[in-house]
Amino acid sequence: MPTDDAAFFHQGLKSAPKDSFKNVKYAVFGCGHPDWVKTFYAVPSAIDEMLEAGGGERLVARGKGDVTKAELFDDFDEWASHFLDKLGDGRRERVEAKLSVSVDTNKRKNLLQHEFLSSATVVSNTIISKGDRDVKRHLVFRIPKEVTYRTGDYFAILPTSPLVTVRRALIRFKLHADDLLTLSGDGATLPLDIPLSAHDLFAGFVELSHPVSFKQVQSLSGEGASQADQDQLRAFFDKGTFDSEIAAKHISLLDLLEMLPTIRMDLGDFIKALPPIRMRQVSDLSTF
Ligand SMILES: Cc1cc2nc3c(=O)[nH]c(=O)nc-3n(C[C@H](O)[C@H](O)[C@H](O)COP(=O)(O)O)c2cc1C
């Protein structure tokens with residue numbers, strides 16, 4: 001049987017009136033798996049035969065791609081080469097046109113207004129503490145030649161958020177990591193008007209763990225939320241409760257939205273409420 005996406009085409013060929021394919025030039029390359037012993041290449045060979053029977057002109061012999069063979073792509077390339085020769089008129093050039101890629105290594109740091117940062121290479125990363133708790137590491141970086149420093153300087157690192165935190169935000173907003181978001185409007189430190197995966201946006205541009213402010217809590221609406229969540233949210237509108245239950249515990253906006261799962265927040269409002277991701281600074285550099 002043809003696959004679902006080929007069924008309409010296959011049925012069309014099957015029920016086509018006699019001589020339907022006169023003046024039709026065609027070529028078939030079909031993939032198959034030899035485990036289907038009795039129907040190996042059954043669909044592509046049927047298509048090839050039906051086109052011929054209807055008066056079509058076969059440009060090249062049917063190509064065969066055995067999906068169990070390592071040479072599958074080479075077999076296709078060889079067949080495609082014969083096929084393109086038959087087509088003439090510059091098709092080969094179009095198929096073989098180069099793919100060009102532009103790489104922008106500065107976009108994130110420029111948007112976040114950290115233009116002075118440059119890339120360094122971690123040469124070694126060794127755990128120097130004992131046990132699993134309070135792990136300490138000795139990191140050695142190779143920094144670009146033009147970057148100079150003295151003992152006592154700060155080392156600034158532009159991080160990405162931990163995957164677990166990013167995942168929590170994705171789950172709370174019912175997003176998949178590879179959903180593409182395009183932000184437009186106001187957001188000086190955000191990548192505007194370019195599609196970016198939800199993962200990359202949450203990991204690279206916003207601070208997901210920053211403590212939520214009183215004003216942000218007050219801006220949340222309980223509309224449509226469960227009674228329990230509405231009551232809890234209202235309790236946090238009281239400054240005393242906010243101070244003891246939210247501020248003192250360093251609760252972030254994401255923590256709060258997880259605590260109150262039925263409270264609705266617009267994704268744009270959430271992203272805008274988050275501060276730009278912060279640089280982490282490491283002091284007391286030692287030279288060697
Ligand atoms: C449900 C199923 C049925 C298949 N039946 C046949 C078959 O009858 N004959 C054959 O040669 N290959 C058969 N194959 C193998 C496919 O032709 C092969 O996996 C091919 O690469 C599928 O292309 P796709 O990966 O683009 O879907 C079958 C594969 C599946 C998953």
Side-chain angles (χ1 to χ4, degrees), residues 1-104 107 160 163-164 166-183 191 193-204 267:
M1 302 296 292
T3 51
D4 286 353
D5 55 358
F8 183 74
F9 177 64
H10 189 262
Q11 186 54 40
L13 294 183
K14 240 169 123 174
S15 51
K18 203 170 171 293
D19 295 336
S20 286
F21 311 124
K22 276 225 148 74
N23 304 320
V24 172
K25 294 176 180 172
Y26 77 93
V28 177
F29 183 93
C31 288
H33 195 302
D35 277 1
W36 274 271
V37 178
K38 292 191 179 141
T39 53
F40 194 25
Y41 298 128
V43 172
S45 46
I47 289 174
D48 191 32
E49 282 157 20
M50 288 189 286
L51 283 163
E52 186 187 36
E57 183 193 337
R58 185 188 287 118
L59 288 175
V60 285
R62 175 168 60 89
K64 295 175 193 167
D66 180 338
V67 296
T68 62
K69 295 257 166 70
E71 307 86 50
L72 173 63
F73 280 43
D74 286 325
D75 291 346
F76 177 77
D77 286 342
E78 197 187 324
W79 177 89
S81 182
H82 292 309
F83 173 59
L84 290 169
D85 283 345
K86 290 278 174 180
L87 289 186
D89 71 9
R91 301 279 174 104
R92 180 185 292 276
E93 288 68 34
R94 259 181 278 162
V95 171
E96 291 175 1
K98 225 176 120 47
L99 179 71
S100 62
V101 179
S102 83
V103 178
D104 187 344
K107 184 99 184 157
T160 50
L163 192 57
V164 276
V166 172
R167 283 187 61 110
R168 286 174 45 210
L170 294 172
I171 289 167
R172 182 58 176 81
F173 283 89
K174 296 191 170 62
L175 290 166
H176 289 132
D178 57 359
D179 284 344
L180 286 185
L181 310 181
T182 306
L183 312 182
D193 304 317
I194 44 169
L196 194 70
S197 77
H199 169 273
D200 290 353
L201 181 79
F202 284 149
L267 179 58

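Counting starts at 1 for both ligands and their atoms, following the listed order. Residue numbers count from 1 along this sequence.
Per-atom contact check: atom 25 (O) of ligand 1 does not touch the protein, criterion being a heavy-atom distance below 4.0 Å. Proximity of atom 5 (N) of ligand 1 to the protein is indicated by at least one non-hydrogen atom lying closer than 4.0 angstrom. Atom 31 (C) of ligand 1 is not flagged as protein-proximal [any protein heavy atom, distance under 4.0 Å]. Distance remark: protein heavy atom present below 4.0 angstrom from atom 2 (C) of ligand 1. For atom 13 (C) of ligand 1, the nearest protein heavy atom lies under 4.0 Å away.
Two residues are said to be in side-chain contact when any heavy atoms from C-beta on lie closer than 4.5 Å; Thr160 and Val166 fail this criterion. Contact annotation: the side chain of His199 approaches that of Leu163 to within less than 4.5 Å [non-hydrogen atoms, C-beta and beyond]. With contacts defined as side-chain heavy-atom distances shorter than 4.5 Å, the pair Arg58/Tyr26 qualifies.
The protein heavy atom nearest to atom 29 (C) of ligand 1 is Trp36 CH2, 3.4 Å. Nearest protein heavy-atom contact of atom 8 (O) of ligand 1 is Thr39 OG1, 2.7 Å. For atom 15 (C) of ligand 1, the nearest protein heavy atom (residue, atom name, distance) is His33 CB, 3.5 Å. What sits closest to atom 11 (O) of ligand 1 on the protein, heavy atoms only, is Tyr41 N, 2.9 Å. Among all protein heavy atoms, the one lying closest to atom 23 (O) of ligand 1 is Cys31 CB, 4.9 Å.
For the pair Lys69 and Asp66, the salt-bridge criterion is met [side-chain N within less than 4.0 Å of a carboxylate O].
With a 4.0 Å heavy-atom cut-off, ligand 1 is reached by the side chain of Val67 but not by its N, CA, C or O.
Here the side chain of Trp79 pairs a donor or acceptor atom with the backbone of Ala61 at under 3.5 angstrom. Although no hydrogens or angles enter the test, the distance criterion places a donor-acceptor pair under 3.5 Å between the side chain of His33 and the main chain of Asp35.
Note that CD1 of Ile171 and CZ of Arg168 are 9.5 Å apart. Values are rounded to the nearest 0.5 Å.
Partner Pro195 forms a side chain to side chain contact (heavy atoms under 4.5 Å, CB included) with one of Leu181, Leu180, Leu183 and no other, that one being Leu180.
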